[in-house]
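Order of the sequence lines fixes the chain letters, A, B, ..., with proteins taken first and strands second; residue numbering starts at 1 for each chain.
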Protein chains: 2
Amino acid sequence: MLENIQELIDQYIDLSFSVHRKGESLIRDQIGSDLTNDQHYILRYISQVKSCTSSELAEEFDVKKSAITAIINRMWEKGLIQRTRDEKDRRVVYLTLTDKGNQLYVNCEERIYKLVESFIKQFDPKEIKQFLETYEKLNQILIESKDDKMEE
Amino acid sequence: MLENIQELIDQYIDLSFSVHRKGESLIRDQIGSDLTNDQHYILRYISQVKSCTSSELAEEFDVKKSAITAIINRMWEKGLIQRTRDEKDRRVVYLTLTDKGNQLYVNCEERIYKLVESFIKQFDPKEIKQFLETYEKLNQILIESKDDKMEE
DNA sequence: TGTTAATAGTTAATGGGTTGAACAATTAAA
DNA sequence: TTTAATTGTTCAACCCATTAACTATTAACA
């Protein structure tokens, strides 16, 4: 029984790495060459919330603000993102998608959606639903574990 | 019903990114500061197969050989990896762990094992087993999808 | 056998992501 | 009003990835 658990743990470590690598490279191919994965996730986030700040992105993606600045700069140079200073609190800068950014996002998302759909459809809906439930639970455990560490 | 599937797809895309980020940063903290995730995965791979080549690593990790050279160089500078030329075919270089490399690996693996164990133990063994089965199936789908793309 | 092709690995240039520390501008708190 | 804290940026230093050109070596084959 103990050996069984050890096997599961090893299997999980191997799988999580493999799935991540394979999935990421497939999505990279789908997106096309002009957008990195990180840039796409930021595009996705801003599209969902419409408007946000650098600090919010740093919090959401769990990186330092200077990392966000670098990514946003590159996307701004490509004309995908707009920066607007808050008139009341002139420290904050709101980030929104330009028309070009939004258009690119919709285009990418469509292709990714079809790709992921082709994967998901190979499963019994019940199985994938159970899978996602466990996945979500795991995500919560990771978040809590990270919060615990922060408090030390 | 169609909406249901769309929800699952969105949920999967969000979750896979979130779990990956959280998990990776937690493991990074566990490993300690002197080893990146990529370096750890290479340490892990070499430890398992005892001896391998750059080409094998490039194949396994799905990157170009020059990327491997760069990583191995850094690990070699830290005294973790040994390079040995094949006497018969003098083009190939065998990579093995030094004592220091092996010691570091065992140390890291122990801490990561405990961390992942603490996660896994929060699940019903049946649930985690079912989860890993689906995960493995997904991994196979990704691998096949990648192979199909290669043939084009 | 001797030329050509394939293979293993490296180097260099370029681009992208990350951190940490220092900094300016602005706002909040005392 | 002086002092904190906050928002975001810049810079130097790493790490990882790709492409292209290159060396060295081995395999193929005519």
Taking any heavy-atom pair under 4.0 Å as a contact, classify B:S54: base, sugar-phosphate, or nothing. sugar-phosphate
State whether B:R83 places a side-chain N or O below 4.0 Å from either non-bridging phosphate oxygen (OP1 or OP2) of C:dG9. no
Who does D:dA4 pair with, Watson-Crick or G-U, both distances under 3.5 Å? none
Would you compute the distance between atom CG of A:L132 and atom CG of B:L15 and round it to the nearest 0.5 angstrom? 6.5 Å
Grab the CD1-C1' distance between A:I71 and C:dG15 for me, whole Å please. 13 Å
Nearest of C:dT18, D:dC16, C:dT11 to any side-chain atom of B:Q39? D:dC16
Consider only side-chain N and O atoms of B:Q130 and B:T134, and report whether a donor and an acceptor are under 3.5 Å apart. yes
Does A:L95 reach the side chain of A:R83, with side-chain heavy atoms less than 4.5 Å apart? yes
Tell me yes or no: between the side chains of A:Y135 and B:Q11, is some donor less than 3.5 Å from an acceptor? no
Please report, rounded to the nearest Å, how far the C1' atom of C:dT18 is from the CD atom of B:E24. 12 Å
Counting only Watson-Crick or G-U wobble pairs whose two distances fall under 3.5 Å, which nucleotide matches D:dC14? C:dG17
For A:D34 and C:dG15, what is the distance between atoms CG and P respectively, to the nearest whole Å? 13 Å
To the nearest angstrom, how far is B:N37 atom CG from D:dC16 atom P? 9 Å
Specify the separation, in whole Å, of atom CH2 of A:W76 and atom C1' of D:dT10. 15 Å
Would you indicate which nucleotide in D:dT10, C:dG17, C:dG9 comes nearest to any side-chain atom of A:T36? C:dG17
Sort out for me which residue in B:I120, B:I128, B:L115 forms a side chain to side chain contact (heavy atoms under 4.5 Å, CB included) with A:I9. B:I120
Please give, in whole Å, the distance from D:dG8 P to A:E59 CD? 13 Å
Value in whole Å for how far the C1' atom of D:dC16 lies from CG of B:N73: 13 Å
Protein-proximity profile, nucleotides 19-30 of chain C, B/S/- by nucleotide at the 4.0 Å heavy-atom cutoff, equals BB-----BS---
Would you call D:dA17 syn or anti, using the 90° rule around 0? anti
Strictly below 4.0 Å: does A:T69 bring a side-chain N or O up to OP1 or OP2 of D:dG8? no
Check: A:N139/B:R21 side-chain N/O donor and acceptor closer than 3.5 Å: no
Mind calculating the distance between CG (A:L57) and P (D:dT7) to the nearest angstrom? 13 Å
For A:D38 and B:S55, find the nucleotide of DNA chain C closest to each by heavy atoms; which residue's nucleotide sits nearer the 5' end? B:S55
Aromatic ring centroids of A:F61 and A:Y41 under 6.0 Å? no
